[in-house]
S.K.: 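Please find one structure pasted underneath; my questions will follow.
Side chains are part of it too, since the values below use all heavy atoms of this structure and drop only hydrogens, waters and symmetry mates. Since this is a predicted model, take the numbers as computed values, not measurements.
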Amino acid sequence: MSGSGAAPGPGSGSSPAACRFAHYFVLCGIDADSGLEPDELAVLYQWLEADRHGKSQDAANTTSGENFDQSPLRRTFKSKVLAHYPQNIEWNPFDQDAVNMLCMPKGLSFRTQADNKDPQFHSFIITREDGSRTYGFVLTFYEEVTSKQICTAMQTLYQMHNAEQYSSVYASSSCSMDSLASSIDEGDATSLLKLQRYNSYDINRDTLYVSKSICLITPLPFMQACRKFLLQLHKAVTSQQPPPLPLESYIHNILYEVPLPPPGRSLKFYGVYEPVICQRPGPNELPLSDYPLREACELLGLENLVQVFTCVLLEMQILLYSQDYQRLMTVAEGITTLLFPFQWQHVYVPILPASLLHFLDAPVPYLMGLQSKEGTDRSKLELPQEANLCFVDIDNHFIELPEEFPQFPNKVDFIQELSEVLLQFGIPPEGSLHCSESATKLKNMVLKDLANDKKNGNVPTNNVSVYELLKGSETIARLQALAKRTGVTVGKIDFPASLSEKEKDLKLQCEEADLRDSQLNVQLREVFANRFTQMFADYEAFVIQTAQDMESWLTSREQMQNFDKASFLSDQPEPYLPFLSRFIETQMFATFIDNKIMSQWEEKDPLLRVFDSRIEKMRLYNVRAPTLRTSIYQKCSSLKEAAQSIEQRLMKMDHTAIHPHLLDMKIGQGKYEQGFFPKLQSDVLATGPANNNRWVSRSTTAQRRKERLRQNAEHIGLDSDLREKYMQEARSLGKNLRQPKLSDLSPAVIAQTNWKFVEGLLKECRMKTKRMLVEKMGHEAVELGHGEANITGLEENTLIASLCDLLERIWSHGLLVKQGKSALWSHLIQFQDREEKQEHLTDSPVALGPERRKSDSGVMLPTLRVSLIQDMRHVQNMTEIKTDVGRARAWIRLSLEKKLLSQHLKQLLSNQPLTKKLYKRYAFLRCEEEREQFLYHLLSLNAVDYFCFTSVFTTIMIPYRSVIIPIKKLSNAIITSNPWICVSGELGDTGVMQIPKNLLEMTFECQNLGKLTTVQIGHDNSGLLAKWLVDCVMVRNEITGHTYRFPCGRWLGKGVDDGSLERILIGELMTSASDEDLGKQCRTPPQQKSPTTTRRLSITSLTGKPAKPNAGQIQEGIGEAVNNIVKHFHKPEKERGSLTVLLCGENGLVAALEQVFHHGFKSARIFHKNVFIWDFVEKAVAYFESTDQILDNEDDMLIQKPSCKTFCHYVNAVNTAPRNIGKDGKFQILVCLGTRDHLLPQWIPLLAECPAITRMYEENALLRDHMTVNSLIRILQTIQDFTIVLEGSLIKGVDV
C-alpha cells in the first residue's frame, strides 16, 4: 500500500482483486510473545519534541512525554499486525507498518473492569505516491488479557510508578505530613491514596483488558457497509452463543465472494446476522462518498464549513483537531468530496499518528487531522507555521482563519441555499455540538440494543436454551413432539414472539436513517457542484491548446501558460474576483486544466467527464449568452432527481452476493470462546475460491482485453516509462511532495523528506518569480512604454500575496524558536533586537541623513540610507496593522517596492549565529546553496517596478521630502517673495504649503498620496527680487524611497516669460542608478515624462532656436497623443495609468496642440514683447464678442453661434480665475477643459475661421490649411465618447 510495488506473495489472492469489495482483512493487537513493549514511535516523537524545544534528550526521557510520568494504564504500548488475509495483492501491496499505525494510531491501550470499554469505530485512508487511495475501516474493542506474564508486567510497572510518584511528591514538600497533604490537595490527606487506587492495577483485584482491532481494507469508501459488517463480527464474538457459521466463512465471503457493485447499481451481501446493503453512483453522477455530511455540518456549522472549504480551495494549510479519529475523517473526507470537479493535490493525512507530528513542519499546503489529547488546550499546541494556517477545532465548534482571506463568491446566498436543504432534513444549519453529542450517545444506545436483541441468534445474557436458535424450524417441532412423547423436559421452551414489532421498527428506522443520510449527502454535494458549474460554465473558452500531440505538450509543459487567466478574470463579476484570482493560481485548478488538455489524447478524467456533461446540460436548459457574466445567484435545480436515483437503488437491489457458506476447515481449531476473537485458520483465508464464479471470470476477460489494449497502445505511443515520467513531472509541478510515507520513519527517510521539501520550495520560488516577471515584462513590452505598464492590480496583488505566503513557508521550515504567528517577522524582530544591542554597545549615534542644506549651487536630495531596520520601524509605526503576519506582509511589500527584498533578506540571513539558534540543521534557510539561489531568484524582481506597498496601504501617514532646484546661471540666488508648493498624487493632495524663505528643501508628512502626479508651485511676487527661474522640483517618499522629478525650466514672475506666478508641473518617477544597470538589458522605453526644459524654453526663445518640427511630425504627434488617450480608456480600469500625463505630459495632447498652434505663428518680438498663443485666443474672443453684438446674419455664423458663446465663456472663466497663471498655463487649462467637455472639435474650426488668423499666422501655417484642420477635427472626435475626469490641480479655481 506504499508506493512501492511488491511482488505477489505465495498466497496472493487468485481472483482479480480489482473488482472485489474488500482487499484485506486485518487483525491488530498485542503480541503475546513479545509482551509489553513501549511504543517506540511515541518515544521517538517525544525525542523529536524535546529536540524541537531544545531540551536535552534525557530530560525528555524523564520528564516530558506521555510514556513516563503517566500511569501505566494511560501509556501507549506497541501494537502489531497479528494477521492479515490474503498475504498480498499485486496492485495493492500490503504495507504492514502503515496499516498498524493507522489501525491503532495511539498503539495498544489497557483498561480494567472499572473503565469504559465500548467498541470504537474509525476509518483511515492511505494515499499512495501516485495519488490513488485505499480506505481502511476499523473496529477497536477490548479483550481480557489471559497472559499471566503481561498482567505481572503491568503490576510491576505500577509499583515502580507509584514509588516514583510518592518520592517526587515527598521530595518537593517540606517533609512534614501536613505540607505533603496540602501540596497534593488543599488539606485532603487521603487524596494521594485515592489517586493511587483510582489509577492503579492490582493483579489480585482487577481484570486487565487490552485493545484489539479488526479492519477491512477496501478500494472504495463504503464506510456504512463496512461498519455494519464489522459490528456484526464483533457481536458474534461477544455473544453467548457461537455464530451460525464459523467467522472464517463470513471473512472469506467478504474478501473473495462479494464483488464491488458496478457503477449505478446496488448490492446486497450478508454479514453474520443480517444483510448489508451498499450502492454506487452511476457514471454521470457525483463520485461515491459515504461519509455523512450531516455529521460534518453538525460538528462545524454551515458558516464554518464553507469557510474551511474556501481555505481548502485556496490550498492553505488546514489542520483538523479532535479527540475522535472518526470525526477527523468525517470532516476531511466530507470537505474533499465537496471540491468536485477539483481534487486536493497536496499532502492529505486525515489521521496523523503521534509519531508523525514532525510533518506539521512541512512547508507545503496540507490537510491533516491531529488527535487532541484530553484536556489539552489549543494554546498548548505549538505549530511551526501559522501564517497561512486554518485551524479547525472540531470538538469545540471553532475555527481560526488565516489573514487576508477572500470570501467565497455569493457566500450569503450559498449558505442560505445549503440551510434550506439541511432544514428539510430537520438539521439546524448553525451546527449543534450538543445535538451531535446526544446523537452519538443515542447511537451507542441503539448499538447496545442491537447487540442485545434476540434476532439471528445473538442471545442476551439471560438463560435461554440453545434450541431457541432453531425456533420455528421443522426440526424443533419434531424434537418438541418427541420430548412430549418421552416425557423429557427441555429447558425453557416457552419461546417469545419471533421478532417483536419494536425491533422491526428499529431496523426500519436504521435503514430509513441511512437512506436520509445518503440523500442529504447527495443534495448538499449537488449544491456545491452547482456553484462550480455556474462559475466555470465558460472555462473551456479560455483553455489555451497549442501543442499538436501529447509528447510535445508534456515536454514544454513548464514553459507554457495553458489558461488565459487575465481574459477569464476580466469576464467575471467584480465581487467574485478576490476569490477567483487566487483560486485559478492553485495546483488543483492547474491539474484540472491539464486534465482538460490531455483529454484530447486520452480518456477523459472521470470527474472532468461528469463536470463537462453538466455544463453541456446547463447550456441546453438556459440558453444564456456565454459571454454575459452575472453575479445573480442561481440555485441548484437537480436536487430532487439526485435524491430519487439513490432511493431507487436502495429500494430495489440490483445484485446479491453469494451467501457465506461452510468452508473446508480442519475440525476442532478456532474453538469459540465468548469475548475472545478466535484464532482464524489462515489456510482457508489465504486464497479465494477457484474461478468458478461468474463475476470473476467476466472481469478476468475484461482485464485481459484491457491489458492487450494497453500493450498495443504502448507500442504505438510513447515509450510508457518516458510518458509516465512526463506525466509525473507535469502533475507534480508545484507540488513537491504529495504524500508522506507512513511506514518508514528512520532518520534517513526524514532527512530525505526534508531534502525534497527544500528542493520543492526552491522550485516554487523559481516558478513564482518567473511568473511575476513574465506578467510584468510581458505587459510592458506590449505597451512599449505608453501609459502604465501594469498587469491588473488584482492579478498582481494575487501574485504578491502568494509570494508572501511562500516566504512564510520557507521561514517556518525547520523552525525551532518562534514568537507570534509569523515565522518571518519573528526572525526579523530577533535580528532587530541584536542589531539594536550592538548599536548601544558601539554607542554610535544613528545617522538621520545629512542636515538640510541651504540653497547652494548643488541643491540635491540627500541620499536615503538603505536600512533593513529602518524599514521595519516604518512598518512598526503603522498603527493600521495589528498582527505579526500583517507586519511581515507589509515589510515584504515595502522591500519589493524599494527593490531591496533580496538585499534585506541576505542581510537578515548573514547573521549566522541567529539563524543557527532559530533553525534546525535541515531547514531551508541553512542549506547554503539553495539559499543563495533563492536570493538570486528574488533579485530578478528588481527588474520591474512594483507599487505593492503604496497602492495597498492607502491611509497611512507618509513623510515626504521636497527640494526646488533653480537654474543658477540665469536667476537670482535669493528671492524676496514667499514661495508655496502643493503636491498631488493619485490618492489626494497636500493642499498649499508655504516654503520657508530661501530654504529650497523641506519635509512634510501627510496621508499617502499614492503615485505622485503633479506639483503646483508659485509665489506671491512680493519684494524687489521676485523673479525666479526654476529648473525642476524633486519630491521623495521617505518610506518607499520613490523619487519624482517635476521638470519646469520656466520663470515664475511678472513681466518675465509668460508672466506666470504659478505653474503646474507634471511628474516622472526617477530610476535609481542601480536599477539602470539592471534595467539596461530588459527595460522597455520609459513612460512619458513631463514637458522638458528645452521645449518650454524654445517657446519663449530664451535659448537659441532649436530645430522646429515640420508639419508631418506635428500631425504625427497629434495622432500619437490622441491614440494614447484612446488606449488608456480601452484598458481595464485597474490597469489605467495617469490621464494627466497623457494630457499635459511631454508627448501629451496639450503639447501636441501647442505645436499645431505654433506652426507658422508670427512670434517675433514686437517692440521687445513676446507674443503667445493665448494672445491669439484672446483676440479671437474679442472678435466673437464684437460680432455677436453686430448680429451678423450669415448662415454659417448662426450654426456656430452656440459654440462661439461657450468658447468665449470658457476663455473668460480661465482669465478671471483667482490664480496667477501665465499665458501658456491658461492655454493648457483651456485644452484640458475642452477635452473634458468634448468641445475641442467645435472650437478648432472657429479659431481657423477667425480673421485674426491672417494677421498672426504665416500663409503656410497648419491652421490656415483646410484639409489639415478637417483631419485634426476628425482625430479629436475619436475621444468624444470617453468620460474624462481631470485632476483637481489642473483646473483649480476655474469655474465654468
S.K.: Find the distance between CD (Glu248) and CG (Leu662) and round it off to the nearest 0.5 Å.
M.R.: 10.5 Å

S.K.: When you compare the side chain of Phe141 with that of Ile214, does any pair of heavy atoms fall below 4.5 Å?
M.R.: yes

S.K.: As a quick check of understanding, evaluate side chain to side chain contact (heavy atoms under 4.5 Å, CB included) for Leu352 and Gln371, giving each step before the final call.
M.R.: CA-CA 7 Å; Leu352 187 67; Gln371 198 217 13; over 6 Å; no

S.K.: Are Asp290 and Arg227 ion-paired here, with the side-chain N under 4.0 Å from a carboxylate O?
M.R.: no

S.K.: Would you mind reporting whether Glu333 and Ile125 have side-chain heavy atoms less than 4.5 Å apart?
M.R.: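 Result yes, sub-4.5 Å side-chain heavy-atom pair found.
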
S.K.: Find out whether Thr218 and Thr134 are in side-chain contact, i.e. whether some heavy atom of one side chain is under 4.5 Å from a heavy atom of the other.
M.R.: no

S.K.: With sequence neighbours left out, write down each residue that passes side chain to side chain contact (heavy atoms under 4.5 Å, CB included) with Gln326, or none if nothing qualifies.
M.R.: Phe121, His122, Ser123, Met223, Tyr291, Asp324, Met329, Thr330

S.K.: Among Pro119, Cys103, Ser213, whose side chain to side chain contact (heavy atoms under 4.5 Å, CB included) with Thr140 holds?
M.R.: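 That would be Ser213.
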
S.K.: Is it the case that the ring center of Phe21 lies less than 6.0 angstrom away from the ring center of Phe269?
M.R.: yes

S.K.: With a 4.5 Å heavy-atom cut-off, do Val26 and Val81 have their side chains touching?
M.R.: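 In contact.
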
S.K.: Less than 6.0 Å separating the ring centroids of Phe110 and Phe77?
M.R.: yes

S.K.: Would you sort out whether Lys228 and Asp514 count as a salt bridge (charged side-chain N to carboxylate O under 4.0 Å, His left out), showing the intermediate values?
M.R.: CA-CA 11 Å; Lys228 286 177 185 163; Asp514 284 351; 2.3 Å; yes

S.K.: Atom SG of Cys278 and atom CZ of Phe222: how far apart are they, to the nearest 0.5 Å?
M.R.: 5.0 Å

S.K.: Measure the spacing between CZ of Phe124 and OH of Tyr135 and express it to the nearest 0.5 Å.
M.R.: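 Taking CZ in Phe124 and OH in Tyr135, the distance rounds to 12.0 Å.
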
